[in-house]
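See structure below.
The model shown is predicted, which means the values in this text are computed figures rather than measured ones.
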Amino acid sequence: MRHFPSDKYNLAWFKLAECVTRGEKERALGVYRLLSHSIDDKAYALKLEGDILSSFNDLAAHERYRAALLAYREQGRVQEAIGISEYLLSIDNHDMEVLEQLLNLYKQTGSEKQLARIGAQFLVLLIKNNQFDVLEKHLQEYCRLLEVPEVSDLMRIACGHYVMVKHAPMPVGEFLLNITLIGLLRHENPHELQQFLTQLSTENEDYYLLALEQLAEKKVKE
């Protein structure tokens, strides 16, 4: 790896900023290539290249950011990886790969609120893409987090979308409905439960009747 004297190194950074400000894309990339030889941090170097390309609205920036995301993950730098993932998601909130990466990252941090937020987007996309087998697997993972209000909200959102898909497998729907009701009952919020039942009665009468049956069974068990 080549190392520049500090004065030349600082000048290169100044030149890079100047080229970007002036809109001189090729010169900016040329300066970056020189600088990159002195950057020990591979992940940061990839992110920097992504930032430069992004400043010129070059779509190639997305691939550099993805490469930086992978590098940060390999180095165990979770917060940096989360930052890039969130940025990529702000560009395309239907990116399943980034959503799944972000879910795994938030699992590492133990942030249940963030897990529920991204989880809601992920489950809804799985439903829209008819990936019901994958959906069931992820629902199993969330069952252990039903004590968390945000996860209960996540299930209600996912269930609301699921019941509108007429061809969706009933067994998966029954399971999703059951854990949604369990979450609502655990948090003892009659208003939210009634809202959910009203939504079901409007969107899918079969699931509404099934919800009433499941609730009756749960009361009997109590």
> Mind checking whether Val134 and Phe132 sit in one hydrophobic cluster, side chains of I, L, V, M, F, W, Y counted as touching below 4.5 Å?
Replying inline: yes
> At their closest point, which heavy atom of Ser85 faces which heavy atom of Leu105, and how far apart are they?
Replying inline: OG-CD1, 3.7 Å
> Which heavy atom in Ile39 sits nearest to a heavy atom in Trp13, and how many Å separate them?
Replying inline: CD1-CZ2, 4.4 Å
>> How long is the straight-line distance from CG of Leu16 back to OG1 of Thr21, given to the nearest 0.5 Å?
In response: 9.0 Å
> Hey, which of Leu126, Ile127, Leu123, Thr180 is the one that makes side chain to side chain contact (heavy atoms under 4.5 Å, CB included) with Tyr162?
Replying inline: Ile127
>> By the definition salt bridge (charged side-chain N to carboxylate O under 4.0 Å, His left out), identify the one residue from Lys42, Arg64, Arg33 that meets it with Glu49.
In response: Arg64
> Should Arg77 and Asp41 count as side-chain neighbours, where that means a heavy-atom distance under 4.5 Å?
Replying inline: yes
> Quick one: do the Tyr87 and Ser54 side chains pair a donor with an acceptor below 3.5 Å?
Replying inline: yes
> At what distance, to the nearest 0.5 angstrom, does CD of Gln214 lie from CG of Asn178?
Replying inline: 4.5 Å
> Is the shortest heavy-atom distance from the side chain of Asp92 to the side chain of His62 under 4.5 Å?
Replying inline: no
> Would you call Glu24 and Lys15 a side-chain contact if the rule is heavy atoms closer than 4.5 Å?
Replying inline: no
> Which pair of heavy atoms, one from Gly119 and one from Leu154, lies closest together, and at what distance?
Replying inline: C-CD1, 3.4 Å
> Looking at CD1 of Ile179 and CG of Leu139, how far apart are the two atoms once the value is rounded to the nearest 0.5 Å?
Replying inline: 4.5 Å
>> Could you go through Gln195 and Arg156, starting from their C-alpha distance and side-chain angles, then the distance that decides it, and tell me whether this counts as side-chain contact (heavy atoms from CB on, under 4.5 Å)?
In response: CA-CA 10 Å; Gln195 275 189 327; Arg156 191 168 73 250; 5.7 Å; no
> Ile157: which other cluster members, linking ILVMFWY side chains closer than 4.5 Å, directly or transitively?
Replying inline: Val124
> Does the side chain of Ile82 come within less than 4.5 Å of Gln114's, by heavy atoms?
Replying inline: no
>> For the CD atom on Glu205, are there more than 12 heavy atoms of other groups (residues, nucleotides or ligands in this structure) within a distance under 6.0 Å?
In response: no
>> Same cluster or not: Leu53 versus Tyr44, using hydrophobic residues (I, L, V, M, F, W, Y) connected whenever any side-chain heavy atoms lie under 4.5 Å apart?
In response: yes
> Should Leu99 and Leu103 count as side-chain neighbours, where that means a heavy-atom distance under 4.5 Å?
Replying inline: no
> Hey, does the side chain of Tyr32 reach the backbone of Ala45 with a donor-acceptor pair shorter than 3.5 angstrom?
Replying inline: yes
>> Taking Leu46 as the starting point, is it possible to reach Ile52 by hopping between hydrophobic residues whose side chains are less than 4.5 Å apart?
In response: no
>> Could you check whether any side-chain heavy atom of Tyr65 comes within less than 4.5 Å of a side-chain heavy atom of Asp51, counting everything from C-beta outward?
In response: yes
> Can you tell me if CZ on Phe56 sees more than 12 non-hydrogen neighbours from other groups inside 6.0 Å?
Replying inline: yes
>> Return the NZ to CG distance between Lys113 and Asp153, rounded to the nearest 0.5 Å.
In response: 11.0 Å
> Does the side chain of Met164 reach to within under 4.5 Å of the side chain of Asn204, using non-hydrogen atoms?
Replying inline: no
>> Assess the residue pair Lys47 and Glu80 against the criterion (salt bridge (Lys or Arg N to Asp or Glu O under 4.0 Å)); give the C-alpha distance rounded to whole Å, side-chain angles, the decisive distance to 0.1 Å, and a yes or no.
In response: CA-CA 10 Å; Lys47 179 186 177 297; Glu80 288 97 331; over 6 Å; no
> Does the pair Lys25 and Asn57 meet the rule for a side-chain contact (heavy atoms from CB on, under 4.5 Å), with working shown?
Replying inline: CA-CA 10 Å; Lys25 178 181 175 181; Asn57 298 314; over 6 Å; no
>> Quick check for you: to the nearest 0.5 Å, what is the distance between Asn104 atom CG and Ile118 atom CD1?
In response: 12.0 Å
> So do Phe175 and Gln140 actually touch side chain to side chain, heavy atoms under 4.5 Å?
Replying inline: yes
>> Any side-chain to backbone donor/acceptor pair from Asp58 onto Ala60? Under 3.5 Å, distance only.
In response: yes
> side-chain contact (heavy atoms from CB on, under 4.5 Å) between Leu88 and Asp95: does it pass, once the steps are laid out?
Replying inline: CA-CA 8 Å; Leu88 288 170; Asp95 192 322; 5.7 Å; no
>> Assigning hydrophobic clusters by single linkage (Ile, Leu, Val, Met, Phe, Trp, Tyr; side-chain heavy-atom cutoff under 4.5 Å), is Met96 placed with Leu70?
In response: no
>> On a heavy-atom basis, which atom in Leu197 and which in Ala211 lie closest, and how many Å separate them?
In response: CD2-CB, 3.9 Å
>> Could you walk me through whether Gln101 and Arg73 satisfy the side chain to side chain donor-acceptor pair (under 3.5 Å) test, starting with their C-alpha distance in whole Å, then the side-chain angles of each, then the deciding distance to 0.1 Å, before giving a yes or no?
In response: CA-CA 9 Å; Gln101 292 259 23; Arg73 285 202 63 181; 2.3 Å; yes
>> Within this structure, what is the CG-NE2 distance for the pair Leu135 and His138, rounded to the nearest 0.5 Å?
In response: 8.5 Å
>> Can a donor-acceptor pair be found, under 3.5 Å and without considering hydrogens, that links the side chain of Thr202 to the backbone of Thr198?
In response: yes
> Can you name the nearest heavy-atom pair linking Leu176 to Cys159, along with the distance?
Replying inline: CD2-CA, 3.5 Å
>> Quick check: closest heavy atoms across Tyr106 and Arg117, and the distance to 0.1 Å?
In response: OH-NH2, 3.5 Å
>> side-chain contact (heavy atoms from CB on, under 4.5 Å), that's the test. Do Gln199 and Tyr208 meet it? Break it down for me.
In response: CA-CA 8 Å; Gln199 179 187 358; Tyr208 170 67; over 6 Å; no
